[in-house]
Enquirer: 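Below: one structure in structure tokens.
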Number of protein chains: 2
Amino acid sequence: MDTFDTEKEFLASYNIHDFDVPLCTVDMCIFTVKDEQLQVLLTKRGHFPKKNQWALPGGFIDQSKDKNLDETAFRKLREKTGVASPYLEQVATIGGSKRDPRGWALTVLYFALIPHEDTELKVDASSLEVSWVPIDHAMSLKLAFDHNELLKLSKERLRSKVLYTSLPVHLLNETFTLPLLQKTYEIILNTPLQKKSFRKRFLDAGIIEETGEKEPGVSKPALLYRLVDSNKVHVFPRTLESAT
Amino acid sequence: MDTFDTEKEFLASYNIHDFDVPLCTVDMCIFTVKDEQLQVLLTKRGHFPKKNQWALPGGFIDQSKDKNLDETAFRKLREKTGVASPYLEQVATIGGSKRDPRGWALTVLYFALIPHEDTELKVDASSLEVSWVPIDHAMSLKLAFDHNELLKLSKERLRSKVLYTSLPVHLLNETFTLPLLQKTYEIILNTPLQKKSFRKRFLDAGIIEETGEKEPGVSKPALLYRLVDSNKVHVFPRTLESAT
DNA sequence: GAAATAGTGTCTTTAAGACAGTATGGC
DNA sequence: GCCATACTGTCTTAAAGACACTATTTC
């Protein structure tokens, strides 16, 4: 070892294929709220392995297209949904010898939040079908690889962060009403919330502002709000007391 | 594509070396509190690339030894410190084309918390030196690869979780006093805390119990406590109001 | 005016911050 | 008894929960 005098010499002789390398992918848990339900995007796999099984969308890093990991995730999301500006967050990285029949495999799991109105589902070459699936139903399916586990991790991360952050805003359109936002929280947490404290929480935080418009509806119109800074996630000083 | 009729046929012809694969490593940010300072373990690299530079300990997945990613992290920690039961948590996974001269490289970053009394630093084949370095000093060094960035991420994750969890308990021995625990929080957060609320927080949470022993000292001895469940991290309902 | 939904007033509860006071050990 | 440090009492403050109340729109 280290028969090299300089880093340049070392690099000239280095070949990654001399080593055992794990299979390496990015998988996405893409969430939206649609028909008063939290839903996740699933694809039916078009190729081996696990051909014809439902799975989370994902795939390999493209070393020529992706300058970094986040770009891989953005690309996957765009390929399936056409959405360009989601909320995106890493959940975890799972690796092991048993999770993929091809060998030691590692996947970087992301979750994305998008307003479902923005999406136009695309069946690309790698999938036979692409569909929104209500989360409880998705969990009851037998997904490919360890994707049931990945989905569970993502759902738990989402639920726990919803208790103390402004994340669900990213499931709505750019302008939204407070009653709709509260409803979105309630759907994700599966529990009713107090109107008064919910409104106070957001209004005191100074993270939203009135647009001046109102949402017309069947009764009294609600004020429309937008985020003051659409890239910032607000962390509240206390968690909601939510039942499970 | 898909000239295969069965998954078995597909797998028989699959060879990972037919594809562009990223370099894949695990890096560790190992924290302890020693001499009233938050310190991190650094190693001076013994091999190319970045030979002779200080870096976070880390290395490749060993497909024969490591059944999953966490085992790689545990193994790395054991190799450097001899510690077998740390608190271990994934921070993030960073990947990109520019971070390693060998090519597109991905690293799974973990942080570990250990009581420094347990450690026996080991200079193994891969490093010339291994040392605890106070965090501020470590950040001022020019570390190998993007390890300054990895260190910053880990430090921020630690600081933010210390505000609402019981994490720092894992920096202490199995039995500890509340004044020492408070001191540990204050060192990490770099701010004094209120004694009364700090004690109430822990005692009301029901996560620690008296051992019946006392810590002898220069004045009134403090009661010794231990964790009721040493594997559980407690999440408090509110964050501490800490200045930066 | 009735129905429906948006939004407010106000009281309670919980847990943190501030800070002064008491307790208990070594010497 | 004195010092140092551990521990407690008690008041204040911030933000959530409960829930009844008022406001504004469509019909």
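Just so it is clear, the values below take in all heavy atoms, side chains as well, and ignore hydrogens, waters and symmetry mates. Letters A, B, ... mirror the listed sequences (proteins, then strands); counts begin at 1. Please read these numbers as outputs of a predicted model, since none were measured by experiment.
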Enquirer: Rounded to whole Å, please give me the gap between CZ in B:R199 and P in D:dT5.
Expert: 15 Å
Enquirer: Give the B/S/- string for nucleotides 22-27 of chain C, one per nucleotide from 5' to 3', where a protein heavy atom under 4.0 Å of the base yields B, of only the sugar-phosphate yields S, and otherwise -.
Expert: -BBSS-
Enquirer: Whole angstroms only, please: what is the CG-P distance between B:L203 and C:dA16?
Expert: 12 Å
Enquirer: Hey, is the main chain of B:A55 close enough, under 3.5 Å, to the side chain of B:H147 for a donor-acceptor pair?
Expert: no
Enquirer: Quick check for you: to the nearest 0.5 Å, what is the distance between B:L223 atom CG and B:T177 atom OG1?
Expert: 9.0 Å
Enquirer: Could you name each residue pair satisfying ring-ring contact (aromatic ring centres under 6.0 Å, His included) that touches residues 164-183 of chain A, not counting sequence neighbours?
Expert: A:Y87-A:H170
Enquirer: Is it the case that the side chain of B:S154 and the backbone of B:L150 share a donor-acceptor pair, with hydrogens and angles ignored and the cut-off at 3.5 Å?
Expert: yes
Enquirer: Check DNA chain C against residues 164-172 of chain A and give the residues with a non-hydrogen atom under 4.0 Å, in numerical order.
Expert: none
Enquirer: At under 4.0 Å between heavy atoms, which parts of nucleotides 10-20 of chain D does protein reach? Answer with one letter per nucleotide, 5' to 3': B base, S sugar-phosphate only, - none.
Expert: B---BBSBBB-
Enquirer: Mind checking what makes ring-ring contact (aromatic ring centres under 6.0 Å, His included) contact with A:F202, not counting sequence neighbours?
Expert: A:Y185, A:F198, A:F236
Enquirer: Under 3.5 Å, sequence neighbours excluded: what are the donor-acceptor pairs made by side chains of residues 66-74 of chain B?
Expert:
residue : atom : partner : partner atom : Å
B:D66   : OD1  : B:R75   : NE           : 2.9
B:D66   : OD2  : B:D62   : N            : 2.9
B:D66   : OD2  : B:T72   : OG1          : 3.0
B:D66   : OD2  : B:R75   : NE           : 3.4
B:D66   : OD2  : B:R75   : NH2          : 2.9
B:N68   : OD1  : B:D70   : N            : 3.2
B:N68   : OD1  : B:E71   : N            : 3.1
B:D70   : OD1  : B:Y110  : OH           : 2.5
B:E71   : OE1  : B:K67   : N            : 3.0

Enquirer: Tell me whether B:E120 at atom CD has more than 12 heavy atoms from other residues, nucleotides or ligands lying less than 6.0 Å away.
Expert: no
Enquirer: Just how far is it from atom OG1 of A:T32 to atom CG of A:L41, taken to the nearest 0.5 Å?
Expert: 9.5 Å
Enquirer: Answer yes when A:R99 and A:E149 have at least one side-chain N-carboxylate O distance shorter than 4.0 Å, and no when they do not.
Expert: no
Enquirer: Rounding to an integer number of Å, can you tell me how far B:F202 CZ sits from D:dC7 C1'?
Expert: 17 Å
Enquirer: Just checking B:L223: base, sugar-phosphate only, or nothing, at a heavy-atom cut-off of under 4.0 Å?
Expert: sugar-phosphate
Enquirer: Enter the distance from A:L167:CG to A:L113:CG here, rounded to the nearest 0.5 Å.
Expert: 6.0 Å
